[in-house]
J.: 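Take this structure first; my questions come after.
Everything quoted here is computed from the prediction, not taken from an experiment. Atoms within a ligand are numbered from 1 in the order they appear, just like the ligands themselves.
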Amino acid sequence: MTTYDIKTLENLWEGKLSAGELRGIQSKFKDRDRFWKFLDYCQARVPWTEKILLPLQPHLYIVQKPDGQRVVKCDCGHEFGDYRNNWKLEARVFVRDSDETLREIYPALMHSDPEWMILREFYCPGCYSLLETEMVPPGYPILFDFQPDLEVFYRDWLGKAL
Ligand SMILES: [Zn+2]
């Protein structure tokens with residue numbers, strides 16, 4: 001089984017691998033300690049010390065607070081609250097729901113009809129990083145992308161109790 005060093009994992013996460021390198025990694029079995037190596041990499045990147053339990057995306061992590069709470073936290077330090085709640089409800093949102101706002105990012109005639117589909121952009125209130133986007137019909141509820149079962153993930157997939 002191939003194992004990868006932390007620099008390769010960093011390049012994987014940052015999207016800096018060539019298509020060939022990426023395909024080579026994706027087509028093989030993951031090394032057994034990949035998750036732990038990746039957690040170490042993420043922990044070393046952030047300026048705070050709470051333990052990362054699970055990275056959600058390049059800026060957001062589920063972390064363990066000293067009081068036992070598990071919250072979604074941005075790499076800038078902003079906390080979005082309990083991980084079982086949708087962090088997007090605590091984000092800054094910009095809605096592109098007009099020709100004018102959609103044309104800021106799409107060429108003319110290349111965007112959806114805002115009567116049928118809008119673009120929501122979710123930003124961190126702490127650092128204003130763009131965290132997520134979603135294309136939805138106007139009035140559609142905000143999507144809750146992912147609510148992991150941390151206990152089961154750690155116990156059944158990683159063989160370790162939380
Ligand atoms: Zn932030």
J.: Taking side chain as C-beta onward, heavy atoms only, is Arg103 less than 4.5 Å from His111?
T.: yes

J.: Indicate whether any N or O donor in one side chain lies under 3.5 Å from an N or O acceptor in the other, for Tyr123 and Glu121.
T.: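 Per modelled atom types, Tyr123 and Glu121 side chains form a pair under 3.5 Å.
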
J.: Around Glu151, counting heavy atoms of other residues, nucleotides and ligands shown, do more than 12 lie under 6.0 Å from its CD?
T.: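 Yes, the 6.0 Å shell around CD holds more than 12 heavy atoms from other groups.
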
J.: Kindly state whether the ring of Phe35 and the ring of Phe153 have centres lying under 6.0 angstrom apart.
T.: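 Between Phe35 and Phe153, the centre distance is under 6.0 Å.
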
J.: Determine whether Thr101 and Glu104 satisfy the following criterion, side-chain hydrogen bond (donor to acceptor under 3.5 Å, both in side chains), listing intermediate values before the conclusion.
T.: CA-CA 5 Å; Thr101 56; Glu104 289 174 356; over 6 Å; no

J.: Around the Zn ion (ligand 1), list the protein N/O/S atoms within a radius below 2.8 Å, excluding water molecules.
T.: Cys74 SG, Cys76 SG, Cys124 SG, Cys127 SG

J.: Just say parallel, tilted or perpendicular for the rings of Trp36 and Tyr154, cut-offs at 30° and 60°.
T.: perpendicular

